[in-house]
Number of protein chains: 2
Amino acid sequence: MPNDAPLATRFDEWQAQGFDAEACPVRNVLDRIGDKWTSLLLVALAAKPRRFSELHRAVPDISKRMLTQSLRDLQRDGLITRHVFPTKPPSVEYRLSPLGQSAMAPLASLIDWAERSFAKIKASRAAFDAADTSEHVAAA
Amino acid sequence: MPNDAPLATRFDEWQAQGFDAEACPVRNVLDRIGDKWTSLLLVALAAKPRRFSELHRAVPDISKRMLTQSLRDLQRDGLITRHVFPTKPPSVEYRLSPLGQSAMAPLASLIDWAERSFAKIKASRAAFDAADTSEHVAAA
DNA sequence: CGGGATCCTGCAAGATACTG
DNA sequence: CAGTATCTTGCAGGATCCCG
């Protein structure tokens, strides 16, 4: 039940429901988006439909196993559709479903934020790690 | 370098850079957001600053270990700040940094999408699993 | 109270090989 | 080409105890 209450209020609601993993949209959906590969695959498919090996090349360091599994997860959630062309050899095309397309706007806004903030985050990490190291040095 | 090119174009750029994990904002930032706990903690802190054990209660099924670690990750990325009050016993307060606050808008839009789409996703999952099962049954 | 250190385990995911 | 099946392992993360 989406509503326009501030996040803080909704957090209280989720909390009241014990954050039931089955019921909580944040956990259900963010777990998928945050998956190492799924959001990358969604973006890859946002450009255009692609075939299995095309995706494999597009995302170089994913294993065939994980690619298959990630695609099936996305399909199971209804974010992408899978079309088999019974050619020889077979070819399979994946494309965003309408639901998947509807995810792109919020996902893009998050990616925008990520790109805008990346420099600050890197700087913060460097500072944090430097402080950590110098403490170790001081302690040693 | 944030820009207003469509995601598809930016994907090609990332790809050209080999998706270097150190350089790619998507991987760097989404990995954190998608973390099982961090986004939940951000939302919890969006309401108001909270202390360690308060957060522990707010997110019931996180272990102390993971809470500590998630908070340190968020602090390292500069999304939250940590304030130690040398009372007895000590109390530590966490709160969103300006950078963390700037993340809330895109995060909220994603959560909105999640809540709006959750019913569809659940339905899709159910249909997918049912098809799977019936195939097994048919095969058996 | 707010952690750190240590031990231990399960499962996520890589590597490899096979198939329609 | 587009996957499955099996085996194997690393390490995320829980449980427990300790400490200032």
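Chain A is the first sequence line, chain B the second, and so forth, proteins listed ahead of strands; every chain is numbered from 1. Because only heavy atoms are used, hydrogens play no part in the values below, and waters and symmetry mates are left out as well, while side chains stay in.
To the nearest 0.5 Å, atoms CG (Leu110(A)) and CD (Glu115(A)) are separated by 11.0 Å. Taken from CD in Glu13(B) to OG1 in Thr9(B), the straight-line distance is 7.0 Å, to the nearest 0.5 Å. Taken from CG in Leu41(A) to CZ in Phe11(B), the straight-line distance is 7.5 Å, to the nearest 0.5 Å. Considering CG of Leu71(B) and CD1 of Ile62(B), their distance stands at 7.0 Å, rounded to 0.5 Å.
Near DNA chain C, defined here as any heavy-atom distance below 4.0 Å, the residues from residues 58-72 of chain B are Lys64(B), Arg65(B), Thr68(B), Arg72(B), listed numerically. Annotation: proximity of residues 38-52 of chain A to DNA chain C (heavy atom, distance under 4.0 Å) is found for no residue. Contacts of residues 87-95 of chain B with DNA chain D (heavy atom under 4.0 Å): Pro90(B).
With hydrogens and angles disregarded, no donor-acceptor distance shorter than 3.5 Å links the side chain of Ser53(A) to the backbone of His56(A). Under the 3.5 Å distance criterion, the side-chain polar atoms of Gln75(A) are left unmatched by any main-chain donor or acceptor of Arg72(A). At distances below 3.5 Å, not a single donor-acceptor pair connects side-chain atoms of Ser70(A) with backbone N or O atoms of Thr38(A).
Bending across the helix from dC1(C)-dG20(D) to dG20(C)-dC1(D), expressed as the angle between its end axes from five pairs apiece, amounts to 50° (10° rounding).
In this structure, CG of Asp73(B) is placed 11 Å from P of dA12(D), rounded to the nearest angstrom. Atom CZ of Arg82(A) and atom C1' of dA2(D) are 8 Å apart (whole Å).
When each of Lys122(A), Lys120(A), Arg125(A) is tested with Asp77(B) by the rule side chain to side chain donor-acceptor pair (under 3.5 Å), just one qualifies, namely Arg125(A).
By the rule that hydrophobic residues join a cluster once side-chain heavy atoms approach within less than 4.5 Å of another member, Leu99(B) and Leu42(B) end up as members of one cluster. Linking Ile, Leu, Val, Met, Phe, Trp and Tyr whenever their side-chain heavy atoms come within less than 4.5 Å leaves Phe128(B) and Leu79(A) in two separate clusters. One hydrophobic cluster, built from ILVMFWY side chains closer than 4.5 Å, cannot hold both Phe85(B) and Leu45(B); they sit in different ones.
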Should Asp129(A) and Arg76(B) be marked as a salt bridge (Lys or Arg N to Asp or Glu O under 4.0 Å) after you check the CA-CA gap, both sets of side-chain angles, and the distance that decides it? CA-CA 8 Å; Asp129(A) 295 346; Arg76(B) 187 173 107 101; 2.3 Å; yes
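For residues 83-111 of chain B, the side chain to side chain donor-acceptor pair (under 3.5 Å) pairs, not counting sequence neighbours, are Ser109(A)-Ser109(B), Trp113(A)-Ser102(B), Thr81(B)-His83(B), Arg82(B)-Tyr94(B), Glu93(B)-Arg95(B).
Taking the 5' to 3' direction, DNA chain C first and last meets chain B under 4.0 angstrom from a heavy atom at dC1(C) to dT6(C).
For the pair Lys36(B) and Asp61(B), the salt-bridge criterion is not met [side-chain N within less than 4.0 Å of a carboxylate O].
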